*Asks:* 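First, the structure itself, so that you have it in front of you.
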Amino acid sequence: MPKIKFTIITLFPEALKPYLDSSMLYKAQDRGIIAIEYVNLRDFGLGPHKSVDDTPYGGGDGMLLRCEPVFAAIESVKAVNPDAEAILPTPVGMTWNQDLARQFAGVDAQSQSQEAPERHYIILCPHYEGYDERILTIIDHKISLGNYVLTGGELPALILIDSISRLLPGVLGGETSALIESFSDGDNLEYPQYTKPADFRGLKVPEILLSGDHGKIAAWRAEHSGKKAN
Ligand code: ADE
């Protein structure tokens, strides 16, 4: 059983698959730690054209996602797993951060137990100019990726899946790498790191890191852990 299953409801599964089937997220799926399922919203569209959107009541530009296809798609997933939680990426949601990523991954302090519960997230990717407000009644979590507007929910879906999955045990190589790195310790950023060569075009690796003195290296790293720029 995967630790987390993601069901992505999207009109553009082909935009998501190349990223999710590469690198660490491929490995996370291959190792059975996460599972990713795609539901094409078009399959729940209305009429001969499988329409999923319409013009706003009261006038205005653009098209809005209709309720019927979205409810039908989410209900089809919840019919199989009533505990699945629906996430809507939207600029008016809670701003995503590392603490939320930990909570959703089930690795935060409160839910810290060796036996992380199985979780199932449905990520609805809106498109067009927006969605019918009544869709919010079937959504458990509204998440914003930041104070800017994207054309759809696919990029947010990738970011949510990536930032959650990498926290699960067994996804990253080093057992501790997810723990020590940027943002894992409040607003402290990771210390600067270097690899070979020790001298690149006259740019030298700090002497202390080559010294083999673990105490001094730890002190240097603590001293050089950065703070956020804003
Ligand atoms: N959809 C459009 N813009 C978005 C944002 N900033 N965060 C999440 N979903 C979005």
Side-chain angles (χ1 to χ4, degrees), residues 4-22 24-25 28 34 36-45 51-75 77-78 84-106 108 119-168 182-183 187 228-230:
I4 300 187
K5 179 170 179 178
F6 298 97
T7 300
I8 311 171
I9 301 178
T10 173
L11 291 165
F12 303 102
E14 72 284 357
L16 297 164
K17 282 179 184 164
Y19 187 84
L20 295 173
D21 287 347
S22 307
M24 304 315 289
L25 293 175
I34 63 168
I36 298 175
E37 170 185 70
Y38 301 87
V39 170
N40 196 323
L41 188 60
R42 188 70 62 197
D43 294 343
F44 296 87
S51 169
V52 297
D53 60 331
D54 216 322
T55 52
Y57 280 122
D61 282 340
M63 303 286 272
L64 304 181
L65 270 189
R66 291 177 63 121
C67 287
E68 303 95 316
V70 169
F71 274 65
I74 292 179
E75 283 163 2
V77 182
K78 290 208 177 200
E85 296 168 59
I87 300 174
L88 177 72
T90 165
V92 300
M94 248 184 330
T95 305
W96 190 243
N97 61 29
Q98 191 65 19
D99 283 340
L100 285 172
R102 271 194 289 266
Q103 276 175 41
F104 277 65
D108 61 316
R119 288 158 188 245
H120 185 175
Y121 297 119
I122 304 167
I123 306 179
L124 170 67
C125 301
H127 242 272
Y128 308 107
E129 280 74 14
Y131 46 82
D132 186 305
E133 192 72 8
R134 292 167 290 184
I135 285 172
L136 297 182
T137 62
I138 201 173
I139 294 296
D140 299 292
H141 309 281
K142 288 182 283 172
I143 301 288
S144 165
L145 265 296
N147 289 332
Y148 45 81
V149 181
L150 300 163
T151 57
E154 280 76 16
L155 284 172
L158 293 179
I159 292 171
L160 294 174
I161 293 171
D162 188 294
S163 56
I164 292 170
S165 301
R166 63 185 287 289
L167 296 173
L168 299 174
S182 304
F183 303 114
D187 274 345
K228 264 172 63 138
N230 58 4

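Here the structure is a predicted model, which means the values were calculated and not measured. In what follows, residues are counted from 1 in the order of the sequence shown. When a ligand or atom number is given, it counts from 1 through the structure's own listing order.
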*Asks:* Looking at ligand 1, does G153 have a heavy atom less than 4.0 Å from it?
*Replies:*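 In this structure, G153 fails to qualify as a contact of ligand 1 - no heavy atom is under 4.0 Å.
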
*Asks:* Give me the nearest non-hydrogen protein atom to atom 3 (N) of ligand 1 as residue plus atom name, then the distance to 0.1 Å.
*Replies:*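 The protein heavy atom lying closest is L150 N, 2.9 Å.
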
*Asks:* Could you measure the distance from the CG atom of L64 to the CG atom of D54? Nearest 0.5 Å is fine.
*Replies:*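 That separation rounds to 8.5 Å.
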
*Asks:* List the closest protein heavy-atom neighbour of atom 6 (N) of ligand 1: residue, atom name, distance to the nearest 0.1 Å.
*Replies:*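 In this structure, atom 6 (N) of ligand 1 has Y148 O, 2.7 Å as its nearest protein heavy atom.
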
*Asks:* Quick one: CD1 on I164 to CZ on R119, what's the gap to the nearest 0.5 Å?
*Replies:*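 One finds 9.0 Å between CD1 of I164 and CZ of R119.
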
*Asks:* Should we say atom OH of Y19 is surrounded by more than 12 heavy atoms from elsewhere, each under 6.0 Å from it?
*Replies:*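 At most 12 heavy atoms, drawn from other residues, nucleotides or ligands, come within 6.0 Å of this atom.
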
*Asks:* Taking only heavy atoms of V149, which atoms of ligand 1 are found under 4.0 Å from at least one of them?
*Replies:*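 Those qualifying, in numeric order: 3 (N).
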
*Asks:* May I ask you to identify, for T90, whether its side chain, its backbone, both or neither come under 4.0 Å of ligand 1 on a heavy-atom basis?
*Replies:*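 Backbone only.
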
*Asks:* I'd like to check which ligand 1 atoms, numbered from 1 as shown, lie under 4.0 Å from a non-hydrogen atom of S144.
*Replies:*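 The atoms of ligand 1 under 4.0 Å from a heavy atom of S144 are 7 (N), 8 (C).
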
*Asks:* Ignoring angles and geometry beyond distance, decide whether P156 reaches within less than 3.5 Å of ligand 1 through its nitrogen or oxygen atoms.
*Replies:*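 Between P156 and ligand 1, no N or O pair is found under 3.5 Å apart.
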
*Asks:* So for N147, does at least one of its heavy atoms come nearer than 4.0 angstrom to any atom of ligand 1?
*Replies:*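 No, that is not the case, since the closest heavy atom of the residue is not under 4.0 Å from the ligand.
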
*Asks:* Rounded at 0.5 Å granularity, tell me how far NE2 in H127 sits from CG in D53.
*Replies:*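 One gets 11.5 Å once the value is rounded to the nearest 0.5 Å.
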
*Asks:* Please round to the nearest 0.5 Å and tell me the distance separating atom CD1 of I123 and atom CD1 of I8.
*Replies:*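 If I round to the nearest 0.5 Å, the distance is 6.0 Å.
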
*Asks:* Does any N/O atom on L145 come nearer than 3.5 Å to any N/O atom on ligand 1?
*Replies:*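 Yes, at least one N or O pair falls under 3.5 Å.
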
*Asks:* Under 4.0 Å from a heavy atom of I143: give me the atoms of ligand 1 that qualify, with their elements.
*Replies:*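 Here the atoms of ligand 1 in question are 8 (C).
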
*Asks:* Looking only at protein heavy atoms, which one is nearest to atom 10 (C) of ligand 1, and what is the separation?
*Replies:*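 The protein heavy atom lying closest is P91 CD, 3.6 Å.
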
*Asks:* Over 60° means perpendicular and under 30° means parallel, so classify the ring planes of F104 and W96, tilted if in between.
*Replies:*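 Taking F104 first and then W96, their aromatic rings stand perpendicular (interplane angle over 60°).
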
*Asks:* Which distance, rounded to the nearest 0.5 Å, do you find between the CG of N97 and the CG of L145?
*Replies:*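 The distance works out to 11.0 Å.
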
*Asks:* Could you give the distance from CG (L65) to CD1 (I9), rounded to the nearest 0.5 Å?
*Replies:*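 Result: 10.5 Å between the selected atoms.
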
